[in-house]
Structure formats: structure tokens, C-alpha cells
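Note that these values count all heavy atoms, side chains included, but never hydrogens, waters or copies made by symmetry. Nothing here was measured: the structure is a model prediction, and the numbers come from that model.
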Amino acid sequence: MTITPRLVAKYRIPGIRHALRDGGSFDRSGPVPRLLLKEPDALRVYELGEDIALRAEFPRPAPQGSSVDDWVAPDLSFVVFQDETSYTAVHRNGSRMWRQPFGAWSTSRWGHVGFAMAGPYRETQVLLRLPSGAAGKSLFAALDTAGNVLACTMLPCGGQERYVGLTWGSEGYLTGVYADGGGAAPTYHQASLVCGHIALGKRMTAAAGPPWPSNRVVLSTSPAGTGEMSVDEGGQDVRWHRLPSLEVAAVLRLSDFPAAGTGDCSVHDRPWISCRGGYVDADTALVTLHNSYNEARVFMFGEDIWEEHSHWLADPETGELHGRIAYPMRDVDVVWPLGDGTWVTAEWNTLYRWSVQGSTH
């Protein structure tokens, strides 16, 4: 069941491991994956091709500690920084483009920014979620890149107790509005953007039954947006769900792995399924096993085979295990599946990008 991965590329960036742990992320939406590093002085955007290239650098309008989230325009021309009281757009040359306050909105963590391609010349419009002041409703404002408010839409979903997000088609057009959290079943509306207004279409609700269980953690959404992967907080199973119904398509249980201490699980004694993993591509998912470091086993009994993590590939349609990934280095812990058939691991100042042996990615 051992899988030898193919090394696609190595990217060296000083301090990369710590930067990723401090809020870095990968953007899988474009033809080339991007790495977004949230550093104290700026947000830096890299492209991960055969080599790594710095594509944009956005100075922060305030220290990083005051920033809740960052939203980068698809063409990398500007970024919207969100803090506790406002949104601020900053051009890549460092100039401040506009600021949109939302006051002491206690649920600023539910803020959302979307970039729509609209109009005959496909101008970029910015959609900001603002406090609605109404229970069970959500307010979105459409702005042009100069910060002028073009239109406002009060949506009959969400409210300040729920997360409300927007979904987009491959050409940058608005396709839907979804809401989850707040103890209610997730909802999804088909939607379009008409002269800056969000026009809702057909509404779909999760399949009959209880809402999303509170004891599950969402790991990843499939590249096509048709599935979602979650793990039990206790690390006993991973599940793949169909969207938007959340119907369970496949389950992989801890008991489906080799017994601890045997075979490809010989490096573990009491593992659980961790919250690191996701879709490698539409047909392959990556699952991580983890157990705590056993100092006694290593130092008192001289066993040097001990590792805390192992990565496995599985089929998201059936839950079947393909096998354990055998890296050339010891105990690879954090992993970021990119959805294009590759995944990234980090070691010191280097990122390693892998694919399944024989893949052309």
C-alpha cells in the first residue's frame, strides 16, 4: 500500500514554515496555484510554477494584529484588508484606494468580500458584506474599484449570527449565495448580479435531517465545488459529502487503516485522523494520521522509527484507501492539497510540491 510520490518542484523562501503557520494560505482558483503570505508589513502573493515568483506585494494599512482577513482581486491589482471596524482597499503600488467603515459590528468575523466581473467591459466590482441591522437578513454593497457604492442589496438569508458567502463561476460571474452556522441547516440560493444588485434565484436546502453536526470540521471543497470533505473532531472518521445537500457519499474510518504498530501503520501506536488534508484532485483525497510524540518510546527504549504523522491517499467516491505516501524525509507533518493533482509540504525554508508518481502535473 506504499505510494512513492513524485517531486514536482522545490520553492525556497526564508521563514516560509513559520509564515504559513501564522496565516499563510494557498489560492487554488487560478490556472497556477498562488501562495499568500500574511507578513507583518505586507501581504505577498507568489505563483507556484516550475519556480516560485513574487507577483504582488501589498503594504498593510495597519499592523497585522488589527487585520481580520485579506481579500485579493483576481487580477492582483489591489487587495481589500478587513479590520475590526472597516474594509480598506490598497493598490499594489501601496496607495490607499478607499475605505468602507462598518462600525462596531460585533460579528465582523462574518465579513465577506467578493470580486465580480460585470458590465460590457467586464469591470471589476467589489461586493462587501455590511451589518444589516435586521434579524435574519444580510446586506451586501457593490462598489467600483474607486470605492463608489453602485448598489445595495438586502438578502432574506443569513443575519448577523450566520456566515454568508458568495459562489462564482469560472468566468468570474456570481452564481450563488450560501449561508451556514447559527444552528440552522445550510441554505443555498442560485444568484446573479444585475446592475450591482444580487438577484436571488432558486433556493435549495440541505437534505432532510439534522443540520451540519457540531462535532465535525470541514477540511476541503472539491475542485469542481460539488463535494466537501470533513473529519470527526475525535479523529475517528473522515467523510465526503455531496453539495449542496451534504449527503454522505463515502466514509473512511480509523478502523479501515492497518492496525497500529503493523504494516504501513507501524510508525504509530495510538493514531487518530487529523484535521490536515483535502482534495488532491477530483478523484483523490489526502488523509493524515497523527499521534502524540512518545518520548519514552524514543529515548528510553531507543526506538528511532517513531513518527507522529503519516499521509494517505483515498478515493472520495468510495472511501477506499489507495495507500500511504512514503516521503524521502522523516515525519512530514503539515500538508496543503492544491486540487490540481499536487500537494505541498514544508520543511524549514523550503516548500516541496508533490504529485502521484507518473502524474504529468
Side-chain angles (χ1 to χ4, degrees), residues 25-30 33 69 109-110 112 114 129 138 157-158 161-170 174-191 202-254 256 272-290 311-322 334-344:
S25 62
F26 291 88
D27 176 9
R28 309 178 304 177
S29 61
D69 219 330
R109 65 185 183 278
W110 300 128
H112 189 95
R129 187 182 179 192
S138 299
C157 61
E161 72 283 357
R162 307 191 73 193
Y163 179 83
V164 178
L166 307 174
T167 60
W168 307 91
S170 59
L174 181 69
T175 59
V177 176
Y178 66 93
D180 62 15
T187 58
Y188 176 82
H189 287 80
Q190 295 177 346
K202 181 181 178 182
R203 174 180 172 176
M204 290 178 281
T205 308
W212 186 269
S214 60
N215 64 338
R216 302 202 67 81
V217 177
V218 177
L219 296 187
S220 177
T221 302
S222 67
T226 57
E228 202 156 62
M229 179 175 169
S230 73
V231 65
D232 166 55
E233 284 184 346
Q236 297 304 300
D237 69 60
V238 59
R239 298 179 186 177
W240 291 273
H241 310 261
R242 296 187 178 95
L243 292 178
S245 69
L246 292 182
E247 175 190 0
V248 176
V251 179
L252 175 62
R253 297 176 176 83
L254 186 59
D256 296 327
W272 63 86
I273 301 173
S274 87
C275 295
R276 293 169 177 165
Y279 287 88
V280 172
D281 56 30
D283 303 314
T284 311
L286 191 149
V287 181
T288 301
L289 293 188
H290 178 222
H311 296 160
W312 303 69
L313 297 182
D315 187 333
E317 288 296 321
T318 64
E320 179 183 359
L321 275 175
H322 295 324
V334 290
V335 61
W336 296 271
L338 298 183
D340 64 348
T342 67
W343 65 95
V344 171

Q: Examine distances only and state if a side-chain atom of E317 and a backbone atom of D315 form a donor-acceptor pair shorter than 3.5 Å.
A: no
Q) Is it true that D232 and R253 make a salt bridge, defined as a side-chain N closer than 4.0 Å to a carboxylate O? A) no
Q | CZ on R216 to CD on E233, rounded to 0.5 Å | A | 9.5 Å
Q) Closest heavy-atom contact between V280 and W343? A) CG1-CE3, 4.0 Å
Q | W272 ring center within less than 6.0 Å of H290 ring center | A | yes
Q: Verify side chain to side chain contact (heavy atoms under 4.5 Å, CB included) between V164 and H112, making sure each step is shown before the conclusion.
A: CA-CA 7 Å; V164 178; H112 189 95; over 6 Å; no
Q. Which atom names give the shortest non-hydrogen contact between T167 and V177, and what distance separates them?
A. OG1-N, 4.4 Å
Q. Distance from W312 atom CH2 to L286 atom CG, nearest 0.5 Å?
A. 11.5 Å
Q | Flag, side chain of S222 to backbone of T226, donor-acceptor distance under 3.5 Å | A | yes
Q) What closest approach, in Å, do Y188 and G176 show between heavy atoms, and which atom pair accounts for it? A) OH-CA, 3.6 Å
Q: Look up atom NE2 in H241 and atom OG1 in T221, then write down how far apart they are to the nearest 0.5 Å.
A: 10.5 Å
Q) Can you name the nearest heavy-atom pair linking S220 to G277, along with the distance? A) CB-O, 4.4 Å
Q. Is the W336 ring parallel, tilted or perpendicular to the F26 ring (thresholds 30°, 60°)?
A. tilted
(Q) So, taking the atom named CG in L252 and the one named CE in M229, what distance separates them when rounded to the nearest 0.5 Å? (A) 8.5 Å
Q: Would you name the heavy atoms of P316 and Y279 that are closest together and state the gap between them?
A: CB-CE2, 3.9 Å
Q) Would you say L174 and W168 make side-chain contact, with heavy atoms under 4.5 Å? A) yes
**Q.** D283 side, atom CG; H322 side, atom NE2 - distance, nearest 0.5 Å
**A.** 8.0 Å
Q. Name the one of L219, V218, T288 that satisfies side chain to side chain contact (heavy atoms under 4.5 Å, CB included) with C275?
A. L219
Q) Any idea which heavy atoms bring V231 and S274 closest together, and the distance? A) CG2-O, 3.9 Å
Q: Output the distance between atom CG (L313) and atom CD (E320), rounded to the nearest 0.5 Å.
A: 12.0 Å
